[in-house]
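What follows is a set of notes on a single structure, which appears directly below.
Proteins get letters first, then strands, A, B, ... in listed order; numbering begins at 1 in each.
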2 protein chains.
Amino acid sequence: MARTGRPREFDKERTLERALELFWSRGYGATSIQDLVDALAVERGSLYGAFGDKRRFYLEAVRLYWQVYERHLTAALDTSPLLPALREILTHPVRLDELVSDLGAPQGCLIGNTTAELVPQDGEATEIVTRSYRRFTDIVAAALRRAQAAGEVTDTGSPEAQAQLLLYIVQGLSLVSRAGLDRAAALAAVDAAVDGLRA
Amino acid sequence: MARTGRPREFDKERTLERALELFWSRGYGATSIQDLVDALAVERGSLYGAFGDKRRFYLEAVRLYWQVYERHLTAALDTSPLLPALREILTHPVRLDELVSDLGAPQGCLIGNTTAELVPQDGEATEIVTRSYRRFTDIVAAALRRAQAAGEVTDTGSPEAQAQLLLYIVQGLSLVSRAGLDRAAALAAVDAAVDGLRA
DNA sequence: CGACTTCTTGACTGGACGTTCAAGAAGTCG
DNA sequence: CGACTTCTTGAACGTCCAGTCAAGAAGTCG
């Protein structure tokens with residue numbers, strides 16, 4: 001039952017966070033183990049020892065990404081009125097691009113990127129992104145239900161359908177933004193969407 | 001000025017179309033030259049001779065894809081009332097999934113896939129997808145402008161903003177669909193979007 | 001026919017990549 | 001201290017892949 005041995009010299013959690021950034025900016029296929037070794041200053045064998053192979057490492061990073069995003073989403077939407085907060089959520093990709101606009105900066109949404117690159121070939125990746133999309137719509141639909149009850153949001157559509165539509169919009173915006181972002185056009189589009197929800 | 005020599009034994013245009021299908025279903029990185037050789041029944045050297053390297057081959061396929069899509073889009077939206085046609089366009093990914101649901105079937109929108117995989121690293125790919133997005137919004141905005149004038153579509157938003165929003169919705173739907181399609185939810189979301197445009 | 005051009009074929013090359021492994025280092029426990 | 005466990009390091013391995021090339025085949029043109 002000995003749990004002793006030489007202690008790890010790097011911070012596993014912090015290393016995962018930095019790997020997440022790398023995977024986020026370059027994608028799964030375009031990030032080589034060598035890239036990770038260089039960027040994380042951890043040797044190959046140590047990475048394999050701590051995280052298993054490349055695929056498991058990546059999936060772990062994706063899980064962490066969603067965990068952080070979901071926390072942010074839940075906190076942001078727990079407010080009234082809802083629509084300004086929703087606007088913030090939808091324009092998140094735009095503001096991300098404002099903050100870190102150098103090359104190697106995070107690109108789009110990691111869940112969306114994973115969907116494009118690994119789904120549906122990879123079953124585990126598919127499971128993660130499917131669950132993430134599901135949680136997004138659940139959280140947003142719940143918030144919309146409250147806002148409909150409060151008379152802030154139109155009830156001409158079901159909260160579920162509205163939430164599904166909002167998922168498409170965030171993911172579409174994240175994706176299209178990679179090709180260059182016309183901020184004014186993006187904000188106008190998001191405003192049009194949010195206005196469509198107003199009661 | 002001799003343009004003679006041994007004639008090509010395969011149909012270049014048809015080969016490009018079949019390569020398009022392969023790239024569409026597997027993506028750029030995951031499609032090897034060997035896959036193309038096997039699927040197209042054309043030897044490596046001949047492919048290189050006819051299309052240049054893999055990247056040029058792929059970009060040519062993407063150009064062809066957009067060319068076909070744009071023709072379809074323009075034709076479909078040249079109608080009145082506009083909203084039913086728009087609904088058709090938006091649900092295109094859903095119906096694609098209905099038609100060809102075997103593995104190896106086209107996945108999402110090739111422009112969107114290219115955006116996720118090659119943009120912004122590849123300048124030429126970025127140029128192609130940027131132009132495609134631009135043309136999509138131009139064509140859709142023009143149609144919306146006509147429909148606004150006809151009183152079919154609300155003029156609370158500019159046609160440009162509405163078109164940009166619709167671009168996000170198609171791309172988002174295409175992407176999210178890869179993870180499995182809940183047709184009812186997708187159609188409800190699209191209907192919510194189209195209803196939001198009604199005057 | 002014979003010179004010329006282009007296409008076909010498939011073996012070959014060089015490099016990049018994910019993964020493994022053996023030897024040594026750094027701790028803990030009795 | 002000595003046995004034991006885990007981590008570190010970096011070289012090595014096997015695989016796969018994009019791209020090249022030389023030799024031959026199949027046409028055209030004078």
Side-chain angles (χ1 to χ4, degrees), chain A residues 1-16 18-20 22-62 104 113-114 117-118 121-125, chain B residues 1-16 18-20 22-62 104 113-114 117-118 121-125:
Chain A
M1 210 51 57
R3 308 254 348 83
T4 72
R6 178 172 176 175
R8 215 192 305 278
E9 289 183 1
F10 60 95
D11 181 334
K12 188 175 174 182
E13 198 61 23
R14 173 121 192 78
T15 299
L16 181 58
R18 295 177 58 197
L20 161 55
L22 215 65
F23 280 131
W24 192 359
S25 61
R26 303 197 199 177
Y28 174 75
T31 306
S32 69
I33 299 287
Q34 192 56 49
D35 290 338
L36 291 164
V37 168
D38 294 344
L40 306 177
V42 176
E43 288 299 331
R44 310 167 85 79
S46 300
L47 288 182
Y48 276 88
F51 298 103
D53 62 17
K54 183 185 174 184
R55 185 172 152 277
R56 306 216 69 79
F57 197 10
Y58 179 77
L59 294 179
E60 206 52 50
V62 175
N113 298 353
T114 303
E117 192 169 2
L118 298 182
Q121 280 78 15
D122 186 306
E124 202 167 342
Chain B
M1 211 46 60
R3 308 250 356 80
T4 71
R6 178 173 176 176
R8 193 176 282 128
E9 290 183 0
F10 59 95
D11 181 333
K12 187 173 175 183
E13 198 62 22
R14 170 121 194 79
T15 299
L16 181 58
R18 295 177 58 197
L20 162 54
L22 214 66
F23 280 132
W24 192 0
S25 62
R26 303 197 198 177
Y28 175 75
T31 306
S32 70
I33 299 287
Q34 192 56 50
D35 290 336
L36 291 164
V37 168
D38 294 344
L40 306 177
V42 176
E43 289 298 332
R44 310 168 82 77
S46 300
L47 288 181
Y48 277 89
F51 299 103
D53 62 16
K54 181 183 175 186
R55 186 172 151 277
R56 305 217 69 81
F57 197 9
Y58 179 78
L59 293 179
E60 208 50 51
V62 174
N113 298 352
T114 303
E117 193 169 1
L118 296 182
Q121 279 78 15
D122 186 305
E124 203 167 342

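In this structure, B/Tyr48 atom OH and D/dG19 atom C1' are separated by 5 Å, rounded to whole Å. Atoms CG (A/Asp11) and C1' (D/dT8) sit 17 Å apart, rounded to a whole Å. The interatomic distance linking B/Lys12 (NZ) with C/dT8 (P) rounds to 11 Å, in whole Å. Across the protein-nucleic acid pair, A/Phe10 atom CZ and D/dT6 atom P stand 15 Å apart, rounded to whole Å. Atom C1' of nucleotide D/dT8 and atom CG of A/Leu40 are separated by 15 Å, given to the nearest angstrom. In this entry the distance linking CZ of A/Arg56 with C1' of C/dT19 reads 15 Å, nearest Å. For B/Leu47 and C/dT9, the CG to P distance is 11 Å, given to the nearest whole Å. Counting to the nearest Å, the P atom of D/dG14 and the CG atom of A/Asp53 are 20 Å from each other.
Nearest nucleotide to the side chain of B/Arg8, out of C/dG18, D/dT8, C/dT8: C/dT8. Of all nucleotides listed (D/dG19, C/dT20, D/dT9), D/dT9 comes nearest to the side chain of A/Ser46.
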Between the protein and nucleotides 13-15 of chain C, which nitrogen or oxygen pairs are less than 3.5 angstrom apart?
none

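To the nearest 0.5 Å, the span separating CG on B/Leu20 from OG1 on B/Thr15 amounts to 12.0 Å. Taken to the nearest 0.5 Å, the CG atom of A/Asn113 stands 9.0 Å off from the CH2 atom of A/Trp24. Expressed to the nearest 0.5 Å, how far CD of B/Glu43 lies from CD of B/Glu9 amounts to 11.0 Å. Rounded to the nearest 0.5 angstrom, A/Leu40 CG and A/Asp35 CG are separated by 9.5 Å. In this structure, CZ in B/Phe51 is found 8.5 Å from CD in B/Glu60, a value given to the nearest 0.5 Å.
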Point to revise | B/S/- contact track for nucleotides 21-30 of chain C, protein heavy atom under 4.0 Å | key: ---BBBSSS-

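A/Arg26 forms no cation-pi arrangement with A/Phe23, by the criterion of a distance under 6.0 Å to the ring centre and an angle within 45° of the ring axis. Cation-pi geometry between A/Lys54 and A/Tyr28 is met: under 6.0 angstrom from the ring centre, within 45 degrees of the axis.
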Review point. For DNA chain C, what string of dots and brackets results from 5' to 3' when Watson-Crick and G-U pairs need both distances under 3.5 Å, crossing pairs get [ ], and pairs with another strand get |?
Key: ||||||||||||||||||||||||||||||

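Nucleic acid contact for B/Phe57: none, since no nucleic acid atom lies under 4.0 Å from a heavy atom of the residue.
Between the A/Ser46 side chain and the A/Val42 main chain, no donor and acceptor come within less than 3.5 Å of each other. The main-chain N or O of A/Gly29 is found under 3.5 Å from a side-chain atom of A/Glu117 such that the two form a donor-acceptor pair.
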Exercise for review: Would you please test B/Phe57 and B/Leu36 for side-chain contact (heavy atoms from CB on, under 4.5 Å) and show each step?
Suggested key: CA-CA 11 Å; B/Phe57 197 9; B/Leu36 291 164; 4.0 Å; yes

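Counting non-hydrogen atoms of neighbouring residues, nucleotides and ligands closer than 6.0 angstrom, the CZ atom of A/Arg55 exceeds 12 such neighbours.
The side chain to side chain contact (heavy atoms under 4.5 Å, CB included) test applied to B/Asp38 returns B/Gln34, not counting sequence neighbours. Considering only residues two or more places apart in sequence or on other chains, A/Arg44 meets the salt bridge (Lys or Arg N to Asp or Glu O under 4.0 Å) condition with none of them.
One side chain, A/Tyr58 or A/Thr114, offers a donor N or O that lies under 3.5 Å from an acceptor on the other.
Looking at residues 27-36 of chain B, you'll see B/Thr31, B/Ser32, B/Ile33 sit with a heavy atom under 4.0 Å from some atom of DNA chain D.
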